Amino acid sequence: MAKAQYRCVECGYRTPKPLGRCPGCRSWNSFKEEAPSPPPFPHSPPQPLVRLSEVEEGGEARFSSGFKEMDRVLGGGFVAGEVVLLGGEPGVGKSTLLLQVADRLGKKSVYVAGEESPGQIRLRANRLGVKDLLLARETRLEALLHLLQAERPEVVFVDSIQTIEAGGSPGSLVSVREATMALVQLAKAQKMTAILVGHVTKEGVVAGPKAIEHAVDATLFLESAGGFRLLRSAKNRFGPVGELGVFRMGEKGLLEVENPSEAFLMERPLGVPGSVVALGLSGERALALEVQALAAKTPFPAPRRVAQGLDGRRVDVVLAVLERRLGLSLIHLDLYLNLAGGLRLSDPGLDLAVALAVYSAVVGRPLPPELAVVGEVGLAGEVRSVEGLDASILTHRLVLYYSGHESTFADPMVDNRITKKRYRLDHLLKDQPEEVLRRLYRAMEVEEGAFSLLIKAMMQSPGRAGGALTAAGVIDPAAGEAGDWTPPRYFNMMFKTYVGPVEEEAALAYLRPETAQGIFINFKNVLDATSRKLPFGIAQIGKAFRNEITPRNFLFRVREFEQMEIEYFVRPGEDEYWHRYWVEERLKWWQEMGLSRANLVPFEQPPEELAHYSKATVDLLYRFPHGLEELEGIANRTDFDLGSHTKDQEELGITAKVLKNEHSTARLAYRDPETGRWVVPYVIEPSAGVDRGVLALLAEAFTREELPNGEERIVLRLKPQLAPIKAAVIPLAKNRPEITEYAKRLKARLQALGLGRILYEDTGNIGKAYRRHDEVGTPFALTVDYDTIGQSKDGTTKLKDTVTVRDRDTMEQIRLHVDELEAFLRERLRW
C-alpha cells in the first residue's frame with residue numbers, strides 16, 4: 001500500500017516525512033499531508049491510436065472581443081476553447097478591460113471574482129455602463145469546475161488565477177499551476193474560452209511557475225505608457241506575436257485609439273534639435289513615433305548612455321558607427337535617448353532615427369519637421385534597406401510565360417497598304433483629327449472619349465476595325481493622306497534568341513524586356529544570403545530590350561535602353577502605405593538630383609489602363625521642352641510576381657490572379673521569424689529609364705543667361721554630384737613650365753582624393769577655359785598663376801601655394817591655400 005506524502009504548499013516539494021523548513025523554497029511550516037498517489041499505470045484501457053489523416057480539421061471559429069485593438073493583438077478575435085493569460089501591473093486596468101469585454105461579447109459569460117466583492121464590481125460596472133453579468137464568488141477549484149460544468153458558459157473570466165485555491169494556499173506555485181492546468185483541460189473539453197488574469201512580479205513577468213505560460217494559448221500584457229494603455233502579445237498560438245493594441249483610459253473605461261501615430265506625435269515640439277519622426281514596426285503594425293535625443297557635457301570619466309524604450313545594445317552600435325564612420329566625437333558627452341509616448345520597440349528600422357536624433361542633438365541643428373525616416377544601420381555606416389543585384393540579360397522562356405509577358409507584352413500594330421508604312425495603333429490614332437476619331441467611335445460602337453476601350457474593341461474585332469480605319473479616313477502621318485489599312489494585330493515586343501547550337505522550342509530564350517523579373521527569381525538567393533527582414537528592397541540597373549514597332553521620339557521609343565528599378569518587398573496590408581511612401585520619395589529624389597517640382601507631374605493611372613499585375617500605378621511625368629513624357633512609374637504589383645514564380649502556390653494563399661506554376665522548384669516567400677508563418681510579400685516597384693532621366697536633368701540644367709556686358713553665357717547647372725568633371729585645374733600661362741608642372745601636380749593630388757574626375761585644362765586662354773567648363777557643367781575651376789608659385793607682381797610670396805577658385809554658377813572667385821582644397825571640395829561635392 002502506498003504511503004502518505006507531505007507536500008509544500010508554496011513550491012510543491014514532496015517528502016515522505018514532514019519538515020519544518022522546505023528545502024525547495026525555504027518556507028517555514030509549509031508542508032501538508034496529501035493522500036497517496038494513484039498507481040502509475042491504472043487498469044483502465046488506454047485511448048486508441050488514431051491516424052492524423054483521419055482527424056477532422058478544427059477550424060479557428062473566431063469571435064470578436066468587441067475591441068478592434070484587442071482583436072488585432074489576438075489575431076482576429078478569440079477562438080473557441082482558447083485560454084488567454086492576461087498580465088499587468090496592479091491598477092493598470094486589467095479588470096476594467098475584462099468587464100468591458102464581457103459586456104460587449106454578447107455571449108453567455110461567467111466572471112469569477114476572487115479579488116473584489118460583488119458590490120465593488122457593481123460599482124465599477126455602473127461606471128463603465130456594463131448592463132448585466134453572471135458573477136461567481138467561488139474560488140475553490142473543485143467547486144468552481146463543477147459550477148462551470150453545470151452552467152457551460154461560452155466564456156469565463158477568472159480574476160485572478162492567484163486567488164484560486166487548489167491544493168495549497170491561494171497564490172502559491174502549486175495552487176496557481178494546478179488551477180491553470182484544470183481550467184485549460186475544461187476549456188478544451190467544453191470549447192469554452194477562458195481569460196485568466198495573472199499578477200506580475202517586479203521583473204514584469206507573470207507570477208507563478210513558467211509552466212502556466214506554456215499551458216495557455218496566448219499570453220497578453222497590459223502596460224501603462226504615459227497617458228496610454230498598451231496591450232501586447234508575448235505568445236499566441238492563433239495569431240501574431242508582438243502585436244500592439246493602443247487604448248486610453250477615460251471615465252467610461254478603456255477607449256480605443258484609432259490612430260496611434262497621430263496620438264503619439266500630437267505633442268511633438270517642432271524646431272528642436274534631437275527630435276525626429278521614425279517609422280517603426282510593432283508586430284505587423286507600422287507606427288510613426290518620435291525619437292528624442294539629448295546631449296550634455298559630462299563631468300565624469302565615463303559618459304552616461306541612457307535609452308528609454310529602445311534596445312540599448314542597438315543604440316550602442318549606432319553610436320559606435322557615428323563615431324567611427326562619421327567622425328562625430330561623443331566621448332565627452334552624456335547621451336539620453338527616449339522613444340516618446342512610453343513605448344518600447346526593438347525594431348532595427350529605428351537605427352537611422354537614433355543616428356539622426358543624436359547627430360542633431362550634438363551639432364545643435366533641428367531636423368526638418370516633415371522628415372520621417374526608417375532604416376537599419378550597418379557596421380559600415382550604410383542604411384540597410386535595399387540590396388543590389390546584377391541578373392542575367394538572357395531570360396528563360398518560362399519566366400516570361402508565368403510573368404504574363406508572352407501573352408500581354410505586345411503592342412497593337414497596323415499597316416498602310418498604300419505606303420507600306422507600319423504604325424502602332426494607339427500612337428497612330430492619338431494624332432488623328434477629332435472628326436476621324438468620332439467616326440471610329442461610331443463604327444466600333446464605343447462611347448466617345450473612351451480611347452482605351454476603342455483600342456480594346458478594335459483588337460477584339462480586327463476585321464471590322466480594319467474596314468473602320470479605312471472608312472473613317474485615318475490619315476497616314478508619312479503621306480499626309482487617308483490610307484488603306486490592314487486589320488490590326490498584336491506584335492510581341494520581346495527579342496527572341498536560342499540558347500545552344502540547335503534552334504528548337506526547348507532552347508528558346510528572350511533578351512530581358514525589363515530588369516524586374518531577374519530580381520523576382522533571385523528573391524530567395526538574396527534572402528538566404530542577407531537574412532533580410534520585411535520591408536526591404538532589391539535594386540538593379542542594366543540594359544533592357546524591346547522590339548519597338550517604330551522607334552521614334554529620340555530616345556523615348558528605342559529598342560535598347562538603360563533601366564533602373566527597385567523591387568521593394570512589404571507585408572500584405574502595408575502595401576498602400578509603402579506605395580504612397582515611394583511616390584513621395586521618388587519625387588524628392590528627382591528634386592535632389594536637380595529637377596524642379598514645377599516640372600514634375602504625378603499622374604495616377606485610371607483602373608482601365610493598369611497593367612495586368614498592378615493594383616495602382618503613379619507615373620511621374622516631366623515637362624520636357626517638347627512636352628510631357630513619362631520619367632518613372634511607381635507600381636503596386638501586389639503578390640503577383642513572387643506568386644507567379646513560386647512553388648506551393650495554393651498553400652501560400654496568393655491573392656493575385658496567377659497562372660498555375662508547374663515548373664518552379666523554389667518557395668519564393670518570407671517566413672516570419674516571430675510567428676513562423678509563410679508570407680508572400682507584396683511588391684512596390686519604382687521603375688525609371690536612365691536615358692530619359694539624364695535627358696531631363698540636362699534639359700533642366702541647360703541655361704542661357706545674359707551677362708552685364710551684354711554677352712550671352714551658356715551654363716549647364718548640374719548638381720555637383722552629377723557633374724562629369726568635378727573640378728578643372730587651369731594653368732594661367734601655358735608657356736611657363738613651373739606653372740604647368742605645379743598645375744599637373746595639383747591635379748594628381750586632387751584626383752587621388754577619390755572625389756571624381758579632375759581635369760587638367762590647358763587649351764585656349766583663361767576666359768575660354770572658363771566658358772568651356774561652364775558649358776559642360778564643371779562646378780569649380782582652379783587657376784594656378786604666378787602668385788601660386790611665389791612670383792607675385794609686388795615681389796612678395798604671401799600668396800604662394802594658393803589658387804583662384806571660381807564658382808560655375810555665381811562666377812565668384814576666392815583665393816584658397818592648396819591644403820584647404822580637400823575640405824572645400826568635399827563639403828561642396830558631397831551628396
Side-chain angles (χ1 to χ4, degrees), residues 76 284 395-412 426 450 452-453 455-460 490-494 510 512-524 527 534-535 537-538 546 565-580 582-583 604-619 633-672 677-687:
E284 298 182 358
T395 306
H396 196 286
R397 174 184 171 273
L398 288 176
V399 172
L400 296 172
Y401 168 73
Y402 287 114
S403 69
H405 282 77
E406 275 201 335
S407 59
T408 63
F409 204 71
D411 282 340
D426 53 339
S452 59
L453 295 180
I455 302 297
K456 184 177 181 180
M458 297 182 83
M459 298 311 298
Q460 289 175 345
Y490 278 114
F491 172 77
N492 195 291
M493 297 174 62
M494 294 189 294
Y510 295 99
R512 64 184 183 197
E514 61 181 19
T515 60
Q517 298 306 314
I519 294 176
F520 298 134
I521 61 176
N522 279 284
F523 173 81
K524 187 176 185 299
L527 197 60
L534 295 178
I538 303 175
R546 297 182 183 178
E565 292 186 304
I566 298 173
E567 307 303 332
Y568 199 73
F569 302 96
V570 304
R571 294 177 185 273
E574 298 177 9
D575 52 301
E576 293 182 5
Y577 163 79
W578 284 111
H579 187 232
R580 293 192 300 271
W582 276 108
V583 171
E604 186 168 354
Q605 289 189 8
E608 64 270 13
E609 294 185 11
L610 291 175
H612 63 281
Y613 53 75
S614 177
K615 176 180 176 181
T617 297
V618 174
D619 290 333
I634 301 99
N636 179 350
R637 300 178 69 115
T638 69
D639 56 358
F640 174 85
D641 300 289
L642 295 180
S644 295
H645 297 304
T646 187
K647 68 174 184 179
D648 304 332
Q649 291 172 314
E650 295 181 1
E651 296 178 21
L652 294 172
I654 297 159
T655 60
K657 185 178 180 181
V658 298
L659 295 174
K660 185 178 181 181
N661 196 319
E662 299 175 345
H663 297 88
S664 178
T665 59
R667 174 173 281 198
L668 302 184
Y670 172 82
R671 188 169 188 175
D672 192 302
R677 293 190 301 177
W678 287 96
V679 177
V680 178
Y682 274 39
V683 177
I684 308 301
E685 179 194 68
S687 175

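Just so it is clear, the structure is predicted and the values come from calculations on it, not from any experiment. No hydrogens, no waters, no symmetry mates; every other heavy atom, side chains included, goes into these values.
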Please list, chain by chain and in numerical order, all residues satisfying side chain to side chain contact (heavy atoms under 4.5 Å, CB included) with [X], sequence neighbours excluded.
X    : answer
T515 : R512, Q540, Q563, E565
L668 : F523, K524, L642, H645, T646, A666
K657 : none
P606 : F603, E608, E609

Apply side-chain hydrogen bond (donor to acceptor under 3.5 Å, both in side chains) to [X] and list each qualifying residue two or more places apart in sequence or on a separate chain.
X    : value
S452 : none
E567 : none
S614 : T617
E651 : R667

Is the shortest heavy-atom distance from the side chain of [X] to the side chain of [Y] under 4.5 Å?
X    : Y    : value
V570 : Y577 : no
P572 : T655 : no
V683 : F520 : yes

Set of salt bridge (Lys or Arg N to Asp or Glu O under 4.0 Å) partners for R397, sequence neighbours left out: E406, E505
Check ring pair (Phe, Tyr, Trp, His ring centres under 6.0 Å) between [X] and all other residues, then give those that pass, not counting sequence neighbours.
X    : value
Y613 : none
H663 : Y402
W578 : Y568, Y581

